[in-house]
Amino acid sequence: MGATLPPIGATPRWGLPPWTVDFHSEQHAPPEETDFAVVGGGFTGLAAAAWLRHLEPHKRVTLFEASRIGACSSGHTGGMALAETAAGDLPGLGDVLSGFSNILRDLQVDCDLTLPGALEIGRSGVLPNSPIAWNDCGTLGITREVPGGTIDPGKMLSGLAQAAIKRGALILENAPVENLSLDKSPVLQIAGRLVRAGCVLLATNAESLELSGLAGLAAPKFTMAVATGPLSPEQISSLGLSSGKPFYTVDLPYLWGRMLHENRVIFGSGLVHLEDWRELLTLDVAEGQAAELLASLEQRVHKLHPALRNVQMSHLWGGPILIADKWQPVFRRHAEHRDVIVLGAYSGHGVAQSVYLGAWAAEAMLGRTELPDWNLPD
Ligand SMILES: Cc1cc2nc3c(=O)[nH]c(=O)nc-3n(C[C@H](O)[C@H](O)[C@H](O)COP(=O)(O)OP(=O)(O)OC[C@H]3O[C@@H](n4cnc5c(N)ncnc54)[C@H](O)[C@@H]3O)c2cc1C
């Protein structure tokens, strides 16, 4: 039976991002047993589930998503694909962008991936020929170009989910994992039912921090973005964005952005600091600090350049990010059970990392590779 779930855009409390997730899961009861349980239906969990079945078509793979596919960060992201983690390169990380492209190619996920490069922009050290010259606490211009590009997040979510389903993984939406008991083998509890798993991936990112063992170790934040309505080619050219490359500041105040179809431009900035991840459950971008930060982002965009002065914003939204120690992603075995892997906390650099490391986690669950040692105690 097909379940009709609201699109990502129907999460009104966090606003409306400019893409949709075209995926509807079938309704299934949780199985009593599964070889691999993946908790969380964002980019990380979906990539891991699809990659597990891609490599081992006969193993049972079940993904449990508390809400809908992409309900948290992945559906509310900016969609910039970056090569490095927020902490820069890490030992053994490898070539993230080519790994990311190859995984999407092998899983036949069409998400408008383009990797023309990304622009680092700043208020000092601006290149003499910078086509960008924006007014934002000084003159912002291009300081360096690095590898990078963009995806359509809605298409990447639905493409990964379809890839997982097509290969035989089970995706259960509206299936929050309420408890994980770590006996001899891990047992998950979903709506009071117990599911015994051979191996578990916890890809719950900024939520369920007690479940992932990250409470007190990683800080959930909420960050904002706006999208302009369609701009003319002349406006895009005078903004210095004709190359279509995404951009982010290397100094403060922080600003990132990218082009989208129909010559729209997305800009993002601002952080709401949260004491407890549960604040995400009631946070509303129309109220309080999130509303103030969105309004100031909008004003800032209007002042960046005369071409943006009177532009209408078509979309305003926000979403969570998770920041861990030294801004390094968390990728490790659970302290209490080696068959449970925790992956997430990309500190706002998760679009390419989540798919790349999600596939890596799948290979580790299959015993084909080891985890990196980034999160070992000093
Ligand atoms: C506004 C914004 C802009 C961003 N821009 C960029 C960018 O341009 N480039 C970049 O690289 N990164 C960016 N990021 C970060 C990037 O989006 C995230 O790092 C990435 O989406 C994380 O994916 P994930 O699958 O790990 O987590 P999520 O997408 O958050 O998925 C976690 C899932 O787990 C589910 N879950 C939680 N608890 C449970 C439970 N108990 N049981 C079952 N399911 C559960 C949630 O419902 C959720 O769907 C941005 C983030 C935001 C918010």
Side-chain angles (χ1 to χ4, degrees), residues 8 11 14-15 17 21 37-49 63-86 96-97 100 118 148-151 153 156-157 160 171-180 188-191 200-212 220-227 246-248 256-258 266-272 277-278 280-281 285 290 294 297 316-323 329-331 342-358 361:
I8 278 299
T11 311
W14 291 356
V21 180
V38 176
V39 187
F43 297 144
T44 305
L46 290 168
L63 184 147
F64 301 96
E65 164 52 45
S67 171
R68 301 173 333 275
I69 291 308
C72 281
S73 296
S74 302
H76 296 85
T77 185
M80 225 190 312
L82 300 168
E84 295 195 332
T85 73
V96 173
L97 290 178
F100 174 57
T150 54
I151 51 127
M156 191 157 97
L157 279 163
L160 287 170
I171 294 185
L172 305 185
E173 293 179 291
N174 297 314
V177 173
E178 293 146 357
N179 189 38
L180 173 64
L188 303 101
Q189 182 182 314
I190 300 106
V200 178
L201 175 66
L202 294 173
T204 47
N205 196 36
E207 296 194 340
S208 304
L209 296 183
E210 293 77 12
L211 193 76
S212 60
K221 315 268 179 202
F222 190 86
T223 185
M224 265 64 54
V226 298
F247 52 87
Y248 58 87
W256 61 267
R258 61 164 290 187
I266 295 177
F267 293 92
S269 187
L271 280 182
V272 178
W277 68 266
R278 289 172 192 78
L280 291 169
L281 305 178
V285 294
L294 262 178
L297 174 60
L316 298 93
W317 75 100
I321 60 172
L322 186 66
I323 300 179
V330 171
F331 192 12
V342 183
L343 174 58
Y346 308 106
S347 306
H349 280 231
V351 166
Q353 308 284 331
S354 55
V355 172
Y356 178 72
L357 299 180

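Each ligand, and each atom within it, is numbered from 1 in the order the structure gives. Computed over heavy atoms, backbone and side chain alike; hydrogens, waters and symmetry mates excluded. Computed from a predicted structure; not experimentally measured.
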Which atoms from ligand 1 have a heavy atom of G79 less than 4.0 Å away? 7 (C), 8 (O)
State the CG-OG1 distance between L357 and T85, to the nearest 0.5 angstrom. 9.0 Å
Got the closest protein heavy atom to atom 38 (N) of ligand 1, with its distance? S208 OG, 2.7 Å
Assess G344 for proximity to ligand 1: is some non-hydrogen atom of it under 4.0 Å away? no
Ring pair (Phe, Tyr, Trp, His ring centres under 6.0 Å) partners of F222, counting only residues at least two apart: W14
min-distance protein heavy atom vs atom 36 (N) of ligand 1 -> T204 CG2, 3.8 Å
Identity and distance of the protein heavy atom lying nearest atom 29 (O) of ligand 1: S74 OG, 2.5 Å
With no hydrogens and no angle check, is any side-chain donor or acceptor of Q353 less than 3.5 Å from a backbone partner on V96? no
Just to confirm my output: which protein heavy-atom neighbour is closest to atom 3 (C) of ligand 1, and how far is it? G78 N, 3.2 Å
For G348, is the nearest heavy atom under 4.0 Å from an atom of ligand 1? yes
Please work out whether any backbone atom (N, CA, C, O) or any side-chain heavy atom from C-beta onward of V39 is under 4.0 Å from ligand 1, and answer side chain, backbone, both or neither. side chain
What atoms of ligand 1 come within less than 4.0 Å of a heavy atom belonging to E207? 37 (C)
Just to check, does W256 reach to within less than 4.0 Å of ligand 1 when the distance is taken from its heavy atoms? yes
Identity and distance of the protein heavy atom lying nearest atom 2 (C) of ligand 1: H76 O, 3.4 Å
Examine the side chains of Y346 and S73 and answer whether a donor and an acceptor come within less than 3.5 Å of each other. no
Flag T44 as yes when one of its N or O atoms lies below 3.5 Å from any N or O atom of ligand 1, and as no otherwise. yes
Quick test of your reading of the structure: of A47, S73, G42, whose heavy atom lies closest to atom 30 (O) of ligand 1? S73
Going by the angle between their ring planes, with limits at 30° and 60°, are F267 and F247 parallel, tilted or perpendicular? tilted
Does ligand 1 have an atom that lies less than 4.0 angstrom from a heavy atom of G318? no
Nearest-contact summary for atom 43 (C) of ligand 1 - protein heavy atom, Å: A66 N, 3.2 Å
Please classify the F64 to ligand 1 contact at 4.0 Å (heavy-atom distances, strictly less than): side chain, backbone, both or neither. backbone
Output the distance between atom OG (S354) and atom CZ (F100), rounded to the nearest 0.5 Å. 7.0 Å
Do N205 and ligand 1 have an N or O pair less than 3.5 Å apart? yes
Mode of V351 contact toward ligand 1 - side chain, backbone, both, neither (heavy atoms, under 4.0 Å): both
Do any heavy atoms of A203 fall under 4.0 Å from ligand 1? yes
Heavy-atom nearest neighbour in the protein, as seen from atom 6 (C) of ligand 1, with distance rounded to 0.1 Å: T77 OG1, 3.2 Å
Counting heavy atoms only, which of M80, E65, E173 is nearest atom 49 (O) of ligand 1? E65
